[in-house]
Amino acid sequence: MIRYLIKNNFKLMTRSITNCLMIVIAPLVLIALLSSSFDDTMKRYENDSDISAGYRIEGENVSNDMINEFVKGAKDNGYILSEYPTGNPEEIMKEKEIGGFVIFKDDTYTILQNNAYKEEGKALEYAVNSFYENVIATASGIKTDSVKLEIEHPDYMEAIDSTDYYGIIEIVYFGWCAIVCGAGIFMSEKKYRINKKFRVSALSETELYLGKFVPILSSVVLGNAITILLSKALFGVHWGNPFYSAIIVLFSVAAATALGLMAYNIFDNIVVTIIAVFIVVWLAGFFGGSFETYMFSSHPMSIKQLSPIYYINRSLVELSCMGHSDYVGSALIYSGAITIICSAVAILAGTIRRRGRA
């Protein structure tokens, strides 16, 4: 019976084939646009030339030892910082042709960026943020030998390519919109009142769930596979270890499908479901590197690590850049946990709704 249900849902999905094609077409469009737009920016980050910036200390409680450690660590990572105790920071940036200016205060800092050197300014912002994260981590008695400037990207920055980066992460991002592919199933259920037939059938809620989960998962995985082949042919996108990359994408889509079905079983409305899922996915993508490369974003690491897309993006990008990644296990565990938890909640919500209407 469940095989018939899966087969029938596949047919219902073909009635909204446009939704399924979005998984294929939309990533290709964004890959073309973003890889071209950020090509020069990411190349600037690959250069060996130092990045110049200025700084000033305005806080009375700012430790000179801490600032000296920061300046030293910055120099080791290619950032040359010069102190300017007086003067207008904006005029100094323009006159000295430097990328940014940091003003250190007691508990905070302010970063000014030179519009003529946006890439350098962004890199400076990332460096300062990374340093302050380390400062916070070593709070309660800061020592100059424990506070260091640690930046996560130098080990593999030479291999970073905007086409490879966006050619990977956009496919992941749209894979998390998997629920859109199931719109044909949900609309047909509402239109023809199929749910009423299910309530008097011998099918369990788990079987009904799998009857939707399997075709949506299969369709999105197939769409991602087509997009990967097309992106490789059109743009030369390089994926790393094929086996690990395929498993990560599969687990990612499974988590996305489970998330969407959970939302639908809770709201019982496809429009509300799509809006809710879109908000969650957008936020996860925003902090996970789908729009701004996770290597250079200034978001705190603790926020990034709340996003499952961060682990997926990072593992796939590192596999592409280095051929290996320490984040493969985290990506699989995070995605697997989401799949199991969301599936359980979806089945529970469906059971409660079914009994309430019986």
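In what follows, residues are counted from 1 in the order of the sequence shown.
Put simply, the side chain of Asp161 does not reach to within 4.5 Å of the side chain of His238, judged on heavy atoms. Taking 4.5 Å as the limit, some side-chain heavy atom of Ile248 sits within range of a side-chain heavy atom of Ile312. Within the 4.5 Å cutoff, side-chain heavy atoms of Met22 are placed close to those of Val180. Counting only heavy atoms from C-beta outward, the side chains of Val328 and Ile247 never approach each other to under 4.5 Å. Put simply, the side chain of Leu316 reaches to within 4.5 Å of the side chain of Trp239, judged on heavy atoms. Between Ser290 and Trp176, the closest side-chain pair of non-hydrogen atoms is not below 4.5 Å. Looking at heavy atoms from C-beta onward, Ile275 lies out of side-chain contact with Phe267 at the 4.5 angstrom threshold. Considering only heavy atoms from C-beta on, Met13 comes within 4.5 Å of Pro215 through its side chain.
The ring of Tyr334 has its center no closer than 6.0 angstrom to the ring center of Tyr310.
Listed here is the closest heavy atom pair of Val220 and Ala178: CG2-CB, 3.6 Å. Val237 and Thr163 get closest at one heavy-atom pair: CG2-O, 3.8 Å. Between Tyr311 and Ser330, the shortest heavy-atom distance links the atoms CD2-CB, 3.5 Å. The shortest non-hydrogen separation linking Thr227 to Ile23 is OG1-O, 3.4 Å. The minimum heavy-atom distance linking Phe10 with Ser219 is given by the pair CE2-OG, 3.7 Å. Here the closest non-hydrogen pair linking Ser320 and Ile168 is CB-CD1, 3.7 Å.
Between Asp326 and Arg314 there is no salt bridge, since no side-chain nitrogen of the basic residue lies less than 4.0 Å from a carboxylate oxygen of the acidic one.
In the displayed structure, Gln305 atom CD is contacted under 6.0 Å by more than 12 heavy atoms of other residues, nucleotides or ligands.
Ile266 and Met187 are assigned to two separate hydrophobic clusters, defined by single-linkage of ILVMFWY side chains at heavy-atom distances under 4.5 Å. By the rule that hydrophobic residues join a cluster once side-chain heavy atoms approach within less than 4.5 Å of another member, Ile333 and Tyr244 end up as members of separate clusters. In the hydrophobic clustering of this structure, Tyr166 groups with Leu234; members are Ile, Leu, Val, Met, Phe, Trp, Tyr whose side-chain heavy atoms approach within less than 4.5 Å, directly or through other members. Following chains of ILVMFWY side-chain contacts shorter than 4.5 Å, one can reach Leu222 starting from Tyr173, so the two form part of one hydrophobic cluster. Residue Ile2 is not grouped with residue Tyr4 when hydrophobic side chains (ILVMFWY) are merged at heavy-atom distances under 4.5 angstrom, including chains of intermediate members.
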Legend entry - Glu205 vs Ile352, side chain to side chain contact (heavy atoms under 4.5 Å, CB included): CA-CA, chis, key distance, verdict: CA-CA 10 Å; Glu205 190 62 35; Ile352 294 175; over 6 Å; no
Inset, instruction - Evaluate side chain to side chain contact (heavy atoms under 4.5 Å, CB included) for Lys232 paired with Leu229, printing each intermediate quantity in order. - result: CA-CA 5 Å; Lys232 187 174 182 64; Leu229 293 176; 5.7 Å; no
Inset, instruction - Please step through side chain to side chain contact (heavy atoms under 4.5 Å, CB included) for the pair Thr110 and Lys105, ending with a clear verdict. - result: CA-CA 8 Å; Thr110 301; Lys105 300 181 181 180; 4.0 Å; yes
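In this structure a side-chain-to-backbone donor-acceptor pair under 3.5 Å is missing from Arg56 to Ile103. Side chain of Ser343 to main chain of Ile340: no donor-acceptor pair is present (N/O by atom type, distance under 3.5 Å, no hydrogens or angles). With Ser307 contributing its side chain and Lys304 its backbone, the two residues share no donor-acceptor pair below 3.5 Å. A donor-acceptor pair under 3.5 Å is formed between the side chain of Asn313 and the backbone N or O of Gly288.
Residues forming a side chain to side chain donor-acceptor pair (under 3.5 Å) with His324 (at least two apart in sequence, or on another chain): none. Checked against ring-ring contact (aromatic ring centres under 6.0 Å, His included), Phe101 has no partners two or more places apart in sequence or in another chain. Take Phe186 and apply the ring-ring contact (aromatic ring centres under 6.0 Å, His included) test, not counting sequence neighbours, and it matches Tyr264. Applying the side chain to side chain donor-acceptor pair (under 3.5 Å) criterion to Ser245, with sequence neighbours excluded, gives no partner residue. For Phe286, the ring-ring contact (aromatic ring centres under 6.0 Å, His included) test picks out Trp282, His299, with sequence neighbours left out.
Note that CD1 of Ile185 and CG of Asn9 are 4.0 Å apart. Values are rounded to the nearest 0.5 Å. Put simply, CG on Leu261 and OG1 on Thr273 are 9.5 Å apart, with the number rounded to the nearest 0.5 Å. In this structure, CD1 in Ile347 is found 8.0 Å from OG in Ser204, a value given to the nearest 0.5 Å. The distance from atom CG of Leu112 to atom OH of Tyr55, rounded to the nearest 0.5 Å, is 16.0 Å. To the nearest 0.5 Å, atom OH of residue Tyr165 and atom SG of residue Cys321 are 10.0 Å apart. Taking CZ of Phe174 as the start and CD1 of Ile31 as the end, the distance is 9.5 Å to the nearest 0.5 Å.
Through direct or indirect side-chain contacts shorter than 4.5 Å among Ile, Leu, Val, Met, Phe, Trp and Tyr, Ile25 is connected to Ile17, Leu21, Val29, Leu33.
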